[in-house]
J.: 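The structure is given below, and queries will be raised subsequently.
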Amino acid sequence: MTKRCICQICTCGRHKCPHFPNGLPFGDPADPCRLTEYRNRYTKHPLVNTKSCKPDTIPMMSEDPLGDKTTQRVDYVRHPIEKPYIHPKEVYRPPDGPMDTLTNYTKEYNRKPLDPPKPVKLTTRRVPGAFEGVPTYRTDYRKWPVQPPEPHKPDIYHPPCDPFDGNSTYQTAYVPHKEPPRQSMKPPDAAMHSCDPLAERTDYRDNYIKHPLPPKTLKEVPEWCPNPNPLDDLSNYRKDYTPKNQGKQPSCKPDTRPFQSADPLSDDTTQRTDYKKWPDVRPPPREPEPYHPPEGDMATDTTHRTDFDRKPLQKIESCKPKDRKKVPGKFDGNTSYREDYRRWQTEPVRATMKDVYQPLCEPFEGIPTYRKDYIDHKAPPRPSMKPPERAMVSCAPLDDNTEYRNEYTKKYVAPCPAGVLEAGGNVGYQFKEQDAVGHKWYEPTGMTAVE
């Protein structure tokens, strides 16, 4: 490519060519550009005043007579009531043929010969000799001689001999006493006065004595001498940002005049362009296949009829066991409890009296366990766990290195060549021309600006 515009030379994306600075290429160059995306899409349409939604205040009137039909009368029409149909009960008909009472239980669990059960009674173990011992119950719960309680006899009521004076218990116990009225606890409203003189001596007056001040010396004020050098009013802003000779930036405000065109309104839409009307072709009708009945006879046998056929019945034998025969001999009623726990002839245990406790008359000579084990030690007071309130001071220098300073080093950013061209610098391009669209074309010269 021999030439490039500002849009192609720019590397920062902020410099662009002014498109159509003098109007449309097919219009008058003296007129400004009136073609914008907003005016191309959003055209002006005639506006109609919005109709008010407020209903008219005129009452609704009708010359028709008033109808007495309501929703209830129109929807709920009276119909004749008929008696409900009663379904007649079917007559029970017993099944024909004998009942098949053969079940899996009677077929698989038949009667088998059983041997008589053996007795579960354990063999008795007898220890020779008499039992010598006293049970715990007799030792703990002994019979004590207790005297029978005397019956309680209520006291015989004796009426008083003095005549009734008519005074109740309340009048006798609570006798009224004439006491003076209680003094009020409310403080008096009068101010408190004191005859003592006012003690105007304060701690400030006693400790801070007034001393004579030394004479005040005046400080010499140096005479102001103006600077003989002229004022340098050139600031960093004026030094770095020098004025550039650039044209006036055109206004981005759209023109308020409506866009008019003499061409007729195009009524083509996306629907009309993409969806065209095609000639309809009716599909040929499909002829149904003729019905062919299946060959042969229909098999009416079902699985139920094939598997569950009629079988001969047999009489069910009773499963009730027959009565056992009585075993000859005498009934042995001894049990393990009667043979192991037999009643023995023992003598009652006599009660023994405990000795009465008698305290010692001599005084105690010695050291108690508390004084012997717990000796008083003089321990120093426990130091406070509260941290000191003074600030933490360190002699080490401040380490102000951060991860940003160590990892992210400053890199050189080259200036945009388009901005240097607009400022009048040389970056290897020379201005050639500007077309009607607004592109500024530059040719490479082979020379580059010195950084």
Side-chain angles (χ1 to χ4, degrees), residues 109 114-188 318-379 381-382:
Y109 298 92
L114 300 176
D115 298 334
K118 297 180 181 180
V120 192
K121 183 179 179 183
L122 301 176
T123 56
T124 58
R125 184 183 62 178
R126 297 182 180 181
V127 181
F131 176 72
E132 297 180 358
V134 181
T136 311
Y137 185 82
R138 292 186 178 179
T139 305
D140 297 343
Y141 300 93
R142 292 173 289 179
K143 190 174 183 181
W144 302 93
V146 181
Q147 298 180 0
E150 298 180 357
H152 177 70
K153 297 180 180 180
D155 299 336
I156 302 173
Y157 173 72
H158 298 283
C161 300
D162 299 335
F164 180 65
D165 53 357
N167 294 331
S168 61
T169 310
Y170 182 83
Q171 295 176 353
T172 306
Y174 299 93
V175 182
H177 300 280
K178 294 182 179 180
E179 294 183 358
R182 184 175 297 179
Q183 188 177 1
S184 176
M185 302 294 292
K186 183 178 180 181
S318 177
C319 298
K320 183 179 179 182
K322 297 181 180 180
D323 299 337
R324 292 184 177 181
K325 297 181 180 180
K326 295 182 179 180
V327 180
K330 189 177 180 181
F331 175 71
D332 188 5
N334 292 331
T335 60
S336 302
Y337 184 82
R338 289 184 179 181
E339 293 180 357
D340 295 346
Y341 300 93
R342 290 177 291 177
R343 191 172 184 181
W344 307 96
Q345 295 180 1
T346 56
E347 296 180 358
V349 181
R350 297 179 180 179
T352 56
M353 301 298 292
K354 295 182 180 181
D355 299 336
V356 182
Y357 172 74
Q358 295 180 0
L360 299 176
C361 299
E362 299 177 358
F364 175 69
E365 297 179 357
I367 302 174
T369 310
Y370 184 82
R371 292 185 179 179
K372 184 179 179 182
D373 297 343
Y374 298 93
I375 306 172
D376 189 10
H377 298 280
K378 295 181 179 180
R382 184 174 296 180

J.: Listed by chain and number, what are the side-chain contact (heavy atoms from CB on, under 4.5 Å) partners of Tyr141, not counting sequence neighbours?
T.: Tyr137
J.: Could you tell me which residues satisfy side-chain contact (heavy atoms from CB on, under 4.5 Å) with Tyr337, sequence neighbours excluded, listed by chain and number?
T.: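 Partners of Tyr337 by the side-chain contact (heavy atoms from CB on, under 4.5 Å) criterion, ordered by chain and then number, come out as Thr335, Tyr341.
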J.: Count the heavy atoms of every other residue, nucleotide or ligand shown that sit under 6.0 Å from CZ of Arg142, and state whether that count exceeds 12.
T.: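 Counting neighbours around CZ of Arg142, more than 12 heavy atoms of other residues, nucleotides or ligands fall under 6.0 Å, so yes.
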J.: Run the side-chain donor-acceptor check on residues 146-161: report pairs under 3.5 Å with partners two or more places apart or on a different chain.
T.:
none

J.: Could you tell me which residues satisfy side-chain contact (heavy atoms from CB on, under 4.5 Å) with Asn334, sequence neighbours excluded, listed by chain and number?
T.: Asp332, Glu339
J.: Arg138: which residues meet the side chain to side chain donor-acceptor pair (under 3.5 Å) condition with it, sequence neighbours left out?
T.: Thr346
J.: Ignoring hydrogens and angles, write down the donor-acceptor pairs under 3.5 Å from the side chains of residues 171-182, residues two or more places apart or on other chains.
T.:
from, atom 1, to, atom 2, distance (Å)
Thr172, OG1, Ser168, O, 2.8
His177, NE2, Val175, O, 3.3

